[in-house]
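Scroll down for the structure; my scribbles are underneath it.
Nothing fancy with the numbering, it's 1 onward along the sequence. Just follow the structure's listing: the first ligand is 1, and inside any ligand the first atom is 1.
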Amino acid sequence: MPPPHSATPVRLAEIYARDAPVVSCELFPPKDQRGLGRLWRSVALLETIAPDFYSVTYGAGGTTRDMSIQVAEELVGRVTAPVASHITIVDQSKEEIRAVLDHFERAGVENLVAIRGDPPSGQENWIPHPEGWEHTIDLVREVAQRGTFGIAVAGFPEVHPEAPDAATDLGFLVEKLAVGGDVVITQLFFDDRDYFAYVDTARAAGITVPIVPGLLPVLSSAQIRRIVTLCGARIPPDLDHQLAEAGDDADLAREAGIRWTTDQVTDLIAGGAPGIHLYTLNKARATRRILRETGLR
Ligand code: FAD
């Protein structure tokens, strides 16, 4: 039976219809049971800033799908804010994905972040599961037909690395929204001009839904350099310089990263962004500090 708070589901479209900027925090499931303790301590700290919703990644970065499902389900019982689980179509048949959707419905997960997922490590190109869906649009259509979830889809201000060009990439975003996406959450970026230009182009292409900037607070030089290699985001020269100056002083790099994200949040909200989606990497202290310093919490 779903926990009591899900009796009045709060879908993403309703959340972003509110007047105040929406704060959402993305968590990732740990690799093993031991990591769960650390995750729940982070959640307890995040609860003190009352995010408008949480999201939980799915099968990313070496974590298992079972753990993703377990964490999303348990989170519903632990927090009062709505929970969005990410779901991908990597290496799963349609029937397997439908079973996961059934499970989320029963568990009281009100929203989904519907994405394709990256090819498994060691595999360069995207190869759909033989009995699965080929593109994210198929997943979004399936989820939307159920009518039980709010749906976020991903957008790429710096263009998805596999896309031939920005216009083609945006065309696919238009299609994902046409079949049922309620909001767009962007890939991480460090230069706000990329976000604002993306929003302008998206609006010109007829996209009217909220486009939520996804931000990653940089916590170390090594971390950020690894992540940008994976997702293709650009590190602006100024941030690059600050991280280089910090060298292997982890505290300095962390301070530079938090300052950068704090400035981004301030600038993006002032420029009309509907909220901020923080890729917390389960580091609640940095997230809390950024939200306090920007006055969002
Ligand atoms: P898509 O929109 O499917 O685009 C992927 C590529 O295919 C693009 O080049 C696009 O131009 C092209 N394309 C799209 N539609 C079509 C079509 N109909 N025909 C032909 N080509 C098409 N990964 C995880 O593994 N787990 C997660 O939980 C996770 N969460 C994420 C959350 C957010 C907000 C973001 C931005 C990314 C997340 N990722 C996650 C990473 C994501 O899986 C990768 O970025 C992936 O490469 C793209 O997924 P997508 O659904 O955005 O892409």
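Look at H277 and you'll find every heavy atom at least 4.0 Å from all atoms of ligand 1. Contact annotation: T168 has no heavy atom less than 4.0 Å from any atom of ligand 1. Ligand 1 has at least one atom lying under 4.0 Å from a heavy atom of F156.
Considering both main-chain and side-chain atoms, G155 never comes within under 3.5 Å of ligand 1 through any nitrogen or oxygen pair. On a distance-only criterion, G59 and ligand 1 share no N/O pair closer than 3.5 Å. In terms of N/O distances under 3.5 Å, ligand 1 is approached by D169. Polar contact check, E26 against ligand 1: no nitrogen or oxygen pair lies under 3.5 Å apart.
Here E162 has heavy atoms under 4.0 Å from ligand 1 in both its backbone and its side chain. Contact annotation for R116 and ligand 1: heavy atoms of both the backbone and the side chain come within less than 4.0 Å of the ligand. If you look at T88 next to ligand 1, the close heavy atoms, those under 4.0 Å, all belong to the side chain.
Evaluated by nearest non-hydrogen atom to atom 6 (C) of ligand 1, the leading choice among E134, H160, K176 is H160. When T57, V56, T136, V90 are ranked by how near their heavy atoms come to atom 3 (O) of ligand 1, first place goes to T136. Proximity annotation for atom 28 (O) of ligand 1: of Y58, W126, F172, Y279, Y58 comes nearest, heavy atoms only.
In this view, Y195 and F189 satisfy the ring pair (Phe, Tyr, Trp, His ring centres under 6.0 Å) rule, not counting sequence neighbours.
Between D102 and R146 there is a salt bridge, with a side-chain nitrogen of the basic residue lying less than 4.0 Å from a carboxylate oxygen of the acidic one. Ion pair E14/R11 not flagged as a salt bridge, since none of the NZ, NE, NH1 or NH2 atoms sits closer than 4.0 Å to an Asp/Glu carboxylate oxygen. Classification of R116 and E162 as a salt-bridged pair holds, one side-chain N sitting under 4.0 Å from a carboxylate O.
Nearest heavy-atom pair across P210 and R203 is CA-NH2, 4.3 Å. Between A114 and V140, the closest heavy-atom pair is CB-CG2, 4.0 Å.
Taking the six-membered ring where the residue is Trp, H135 and F172 present parallel rings, their angle staying beneath 30° rather than reaching 60°.
Test R288, R297, R292 against T48 for side-chain hydrogen bond (donor to acceptor under 3.5 Å, both in side chains) and you get one pass: R288.
The closest side-chain donor-acceptor pair between E105 and T148 falls under 3.5 angstrom.
Of all atoms in ligand 1, listed by their number and element, those nearer than 4.0 Å to a heavy atom of A154 are 35 (C), 36 (C), 52 (O). Every atom of ligand 1 is numbered from 1 in the order shown, and the set under 4.0 Å from a heavy atom of A163 is 9 (O), 11 (O). When each atom of ligand 1 is checked for a heavy atom of I185 under 4.0 Å away, the hits are 34 (C).
Other residues, nucleotides and ligands contribute only 12 or fewer heavy atoms inside 6.0 Å of the CZ atom of R285.
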